[in-house]
Amino acid sequence: MERIEAIEALAAHKGQGLSVATMRAIPDWYAQGEGIAPHMHLDNRGCMGGAAPMALGLALAQPDKQVMCIDGDGSLLMQLGVLASIAGCAPENFFHIVLVNGVYETSGQQPIPGADSVDFAAMALGAGYKAGYNFDDLGVLRERLPGCFNQKGPVMIAIKVAPGDISVGVPPGRPGDHIGELRKTLVGA
Amino acid sequence: MTTSTAYCESVPASVLHAEISKLGVEHLLIVPDTHQKTLLRSLKDDAAFKMHTFSTEDEALCVNAGLWTGGAEALVIIQNVGLFAAMNSLRGVCMDMHVPTCMLVGQYSRNVNLPVDEDPSSGCRLIQGMLASIGVPCYVIDREDDVGVLSKAFAQSREQRGPVVVLVSAPTA
């Protein structure tokens with residue numbers, strides 16, 4: 001499965017919820033157009049591992065909104081303890097997607113530690129997530145995503161994708177571009 | 001007659017607790033700090049706060065960013081060595097994303113009988129210089145009379161939209 005295909009399937013479930021994306025998921029998320037994908041959305045640029053705890057904070061502050069964190073396998077490994085923190089806080093509105101391509105893509109596709117053995121859904125379940133799923137087939141992913149999002153979180157959705165084309169750049173912008181705008185949308189200040 | 005040679009004194013947890021209650025924060029984001037254990041114990045029993053314990057200081061700073069974006073106010077309570085460990089989030093999130101971040105930081109292993117710049121612990125001795133080098137404002141609570149700097153620091157973090165640190169020199173009483 002290509003990452004853009006997985007992102008398209010996920011974007012269909014964003015609705016009026018919130019999203020946080022990191023690293024190479026960012027250009028594919030914006031490729032979904034001017035619709036709901038980039039609306040009420042936050043990028044995590046330049047701080048690998050920060051997407052999940054940022055999304056956790058959003059989920060705690062906005063418990064009535066679905067929060068979708070679009071993480072990467074290499075990024076999550078940089079703050080892996082966050083699985084326990086998320087499970088401990090137990091936000092019912094938290095959906096943790098990990099795009100598993102098995103490599104650090106932009107630096108030359110070096111394999112992540114344990115690329116052939118790490119099971120992110122199993123680790124999340126072991127930490128205390130309410131549910132965890134692994135997908136490697138696009139058809140199955142599309143079929144089962146509604147059920148994944150129609151339950152109480154925290155939920156881990158790990159999706160095996162092929163390494164992407166690193167010539168596709170991250171959209172220009174600075175790390176803080178969206179955060180004030182999103183806060184203003186949510187709380188008016 | 002006794003003569004104190006201490007450069008800093010323990011502040012009662014109740015005094016710091018009362019100052020924190022003035023900030024208007026709902027969430028306390030902690031990575032446990034032995035230096036401030038009496039304060040943490042006091043805060044844990046206060047229903048006015050939601051206390052969250054994290055695995056790392058990086059997490060605490062990033063969660064603070066998400067909370068603030070979503071309209072919730074938080075105070076980060078960690079220790080000096082944890083702040084050193086969280087430099088990438090301090091830089092990449094608190095500073096570059098312009099996130100109001102107020103941190104109460106225990107000077108773990110501080111020798112109260114020495115000036116801080118002569119402390120054998122590099123975690124205590126270097127932290128103010130490190131923060132100054134990256135432009136993060138820093139205040140120090142050396143004794144009870146200094147506790148008011150916490151409210152000042154919290155307000156400054158909101159006005160300037162960035163990180164501000166308050167160091168707690170002696171272990172809380």
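So that the names make sense, note that chain A is the first sequence line, chain B the second, and so on, each numbered from 1. Just the heavy atoms: all of them, side chains too, but no hydrogens, waters or symmetry mates, feed the values below. What you see is a predicted model; the values in this text were computed from it and never measured.
- For Leu42(A), the part lying near chain B is the side chain, with the backbone staying farther off; criterion is any non-hydrogen pair under 4.5 Å.
- Both Ile30(B) and Phe154(B) are assigned to one and the same hydrophobic cluster, defined by single-linkage of ILVMFWY side chains at heavy-atom distances under 4.5 Å.
- Sorted by first and then second residue, the salt bridge (charged side-chain N to carboxylate O under 4.0 Å, His left out) pairs involving residues 92-111 of chain A (not counting sequence neighbours) are Arg3(A)-Glu105(A), Arg24(A)-Glu105(A).
- Heavy-atom minimum distance, Ala61(A) versus Ala72(B): CB-CB, 3.9 Å.
- Interface check for chain A: of the options Leu61(B), Leu29(B), Leu67(B), the most heavy-atom pairs under 4.5 Å are formed by Leu67(B).
- Annotation: maximal heavy-atom pairing with chain B below 4.5 Å, among Gly88(A), Gly81(A), Ala55(A), Cys89(A), occurs at Gly81(A).
- Neither Val155(A) nor Leu80(A) shares a network with the other; the hydrophobic side chains, linked directly or stepwise wherever heavy atoms of I, L, V, M, F, W or Y lie under 4.5 Å apart, form separate groups for each.
- By the criterion of side-chain heavy atoms lying less than 4.5 angstrom apart, applied directly or through intervening Ile, Leu, Val, Met, Phe, Trp or Tyr residues, Val25(B) is grouped together with Val168(B) in one hydrophobic cluster.
- The parts of Leu58(A) that come within reach of chain B are both its backbone and its side chain, each placing non-hydrogen atoms under 4.5 angstrom from that chain.
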Show me the donor-acceptor pairs under 3.5 Å between chain A and chain B.
unit_1	atom_1	unit_2	atom_2	d
Gly46(A)	O	Arg91(B)	NH2	2.7
Gln62(A)	NE2	Gly70(B)	O	2.8
Gly81(A)	O	Ser55(B)	OG	2.9
Val82(A)	N	Glu59(B)	OE2	3.0
Ser85(A)	OG	Ser55(B)	N	3.4
Ser85(A)	OG	Ser55(B)	OG	3.2
Ser85(A)	OG	Glu59(B)	OE1	2.4
Arg183(A)	NH1	Trp68(B)	O	2.6

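- Counting heavy-atom pairs under 4.5 Å between each of Gly92(B), Ala74(B), Gly71(B) and chain A puts Gly71(B) at the top.
- Transitive grouping of hydrophobic side chains (ILVMFWY, heavy atoms separated by less than 4.5 Å) brings Leu150(B) and Ile77(B) into a common cluster.
- Placement of Leu125(A) and Leu77(A) in two distinct hydrophobic clusters is found when ILVMFWY residues are connected by side-chain heavy-atom separations under 4.5 Å, directly or transitively.
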- Message: Applying side-chain contact (heavy atoms from CB on, under 4.5 Å) to Met54(A) and Val93(B), what does each step give before you reach the verdict?
- Response: CA-CA 9 Å; Met54(A) 273 187 220; Val93(B) 176; 3.6 Å; yes
